[in-house]
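Chain identifiers are assigned alphabetically (A, B, ...) following the order of the sequence lines, protein sequences preceding nucleic acid strands; residue numbering begins at 1 within each chain.
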2 protein chains.
Amino acid sequence: MDWKKLFPQFEPELIEIIEKNAVQKTFAAGEVIMRTGQYIKSTALVLEGQIKIYRENQDGGEFLMYYLEPGQACAVSMICALQSETSEITAIAEVDTEVLLIPVQLMDDLMNQYKSWYQFVIQTYRSRFDELISVVDNIAFHNMDERLEFYLKRHAKNSGKNVIETSHQQIADDLNSSREVISRLLKKDGAAKIS
Amino acid sequence: MDWKKLFPQFEPELIEIIEKNAVQKTFAAGEVIMRTGQYIKSTALVLEGQIKIYRENQDGGEFLMYYLEPGQACAVSMICALQSETSEITAIAEVDTEVLLIPVQLMDDLMNQYKSWYQFVIQTYRSRFDELISVVDNIAFHNMDERLEFYLKRHAKNSGKNVIETSHQQIADDLNSSREVISRLLKKDGAAKIS
DNA sequence: CTTGTTTTGTGACAGCTATCACATGAACTA
DNA sequence: TAGTTCATGTGATAGCTGTCACAAAACAAG
């Protein structure tokens with residue numbers, strides 16, 4: 001697959017270096033890409049599919065933070081990789097997903113030598129930071145009905161479809177809520193949502 | 001004041017450049033340093049005092065995200081500065097605070113030329129990102145009593161004192177809750193807290 | 001001391017959400 | 001067709017939190 005089209009801002013030399021050193025890897029839908037506490041040894045560029053980034057707590061609760069799409073990179077792995085630390089989040093492949101793994105050792109060089117890479121990294125930080133802030137916004141200021149609406153809209157936007165195929169249970173998990181609540185809300189708001 | 005001690009990792013040449021180009025500024029307690037939607041033209045290094053970073057929503061609700069201490073920098077302003085964008089958060093001086101303002105134009109040069117600056121920026125991103133994740137954790141997985149406990153502990157740690165001097169109302173605002181709730185919880189948990 | 005202001009305590013109540021228990025329905029298989 | 005499994009609907013209930021109303025305390029200043 002021609003991954004370069006996903007990163008048009010990269011200069012040719014940078015692309016060459018990445019192609020020489022990075023490893024392409026495929027994850028099946030549902031497969032865990034990065035687990036809480038795991039040691040990070042490379043940064044992932046998403047080529048195809050979708051990665052779900054979420055937080056787990058001790059009691060088995062989980063909470064969706066955001067999705068990574070083709071053309072994006074994992075900010076957490078970047079940060080961790082540059083400091084050889086472990087991550088605090090979990091990443092799983094939502095669907096069959098292909099990524100390009102760039103080894104840590106390369107990161108510093110790329111940052112120093114390629115302006116386009118440097119700007120890509122900054123851009124990645126910014127967008128993930130913004131995303132996190134909007135997540136905080138949501139849970140800090142909004143009730144479940146509004147959070148659900150936000151969730152559905154984001155989901156629709158991400159998938160490009162108007163019909164969302166997920167179980168109520170899955171939605172409840174993503175929002176750290178419970179199935180019954182989601183069912184009730186969907187029924188209640190459903191009427192308003194059709195408009 | 002000798003600010004260099006706060007940033008021992010900076011190489012002499014970098015310090016020189018900063019001294020030549022940065023502007024030192026003092027904010028009185030309560031003064032707004034950065035407002036939502038404001039255009040960012042410089043990055044702030046905290047020299048003295050404490051800056052409170054929080055999110056506001058339309059209805060006047062607010063929500064504390066974290067504090068900036070001497071020796072730290074504002075990640076949001078870095079990100080925004082590098083992209084000439086507006087911020088989504090508000091920063092006010094908790095107490096009388098002194099900062100060093102580094103103009104945007106300088107940022108790119110510093111990043112390219114000084115490894116210690118580059119690493120400082122990365123470190124800043126990482127710590128703020130981690131902080132945000134722990135904030136998400138808190139509101140996603142914990143009830144008000146636990147959030148209050150977390151808040152008090154952090155507050156005590158930041159101020160270095162064991163006695164916290166704030167009104168219940170202020171705590172309620174920071175947690176986007178209401179005074180009565182805080183009062184009751186403090187009374188209830190108080191017994192357990194003395195231990 | 002008296003008065004006014006700010007902070008804190010308390011009870012009543014309503015709304016939201018988690019949980020339990022169980023019913024219904026839909027889809028698939030033997 | 002009957003049985004099985006998974007997804008969804010529904011009622012009852014309890015706990016947490018926000019809100020209102022008002023009382024009690026603490027504090028400052030005249």
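When distances are taken from the side chain of R184(B) to each of dG18(D), dG9(D), dG9(C), the shortest belongs to dG18(D). Distances from the side chain of E180(A) to the nucleotides dA18(C), dT10(D), dA21(D) place dT10(D) closest. Between dT17(D), dC16(C), dA7(D), one nucleotide has an atom nearer to the side chain of M144(B) than all others, and that is dT17(D).
Straight-line distance from the CD1 atom of I182(A) to the C1' atom of dT10(D): 16 Å, rounded to whole Å. Atoms CG (L186(A)) and P (dT8(D)) sit 9 Å apart, rounded to a whole Å. One can place NZ of K188(A) at 18 Å from P of dT8(D), the figure rounded to the nearest angstrom. Taking atom CG of L148(B) as the reference point, atom P of dT17(D) lies 10 Å away to the nearest angstrom. As rounded to whole Å, 21 Å separates atom P of dG15(C) from atom NE2 of H142(A). Rounded to an integer number of Å, the gap from I139(B) CD1 to dT17(D) P is 14 Å. Rounding to whole angstrom units, CG of residue N143(A) and P of dC16(D) are separated by 17 Å. As a whole-Å value, the separation of Q170(B) CD from dT8(C) C1' is 16 Å.
Checked options L68(A), I33(A), I92(A); the residue passing with I53(A) is L68(A) (criterion: side chain to side chain contact (heavy atoms under 4.5 Å, CB included)).
For the OP1/OP2 pair of dG9(C) and a distance below 4.0 Å, the side-chain nitrogens and oxygens of H168(B) include at least one atom meeting the criterion. Dashed line: the shortest gap from a side-chain N or O of S183(B) to OP1 or OP2 of dG9(C) is under 4.0 Å.
Salt-bridge check for D145(A) with K188(A): failed, with every basic side-chain N at 4.0 Å or more from each acidic carboxylate O. Look at E149(B) and K153(B) and you find a salt bridge, because one of the NZ, NE, NH1 or NH2 atoms lies within 4.0 Å of a carboxylate O, short of that distance.
In the model, D109(B) has no side-chain atom that pairs as donor or acceptor with a side-chain atom of Y114(B) under 3.5 Å.
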Stepwise, does the ring-ring contact (aromatic ring centres under 6.0 Å, His included) test hold for Y125(B) with Y125(A)?
CA-CA 8 Å; Y125(B) 285 144; Y125(A) 285 144; 4.6 Å; yes
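Contact annotation: side chain of R179(A) to base of dG9(D), donor-acceptor pair present below 3.5 Å.
As judged by a 4.0 angstrom heavy-atom cut-off over every strand, S167(B) is placed among residues touching the sugar-phosphate backbone only.
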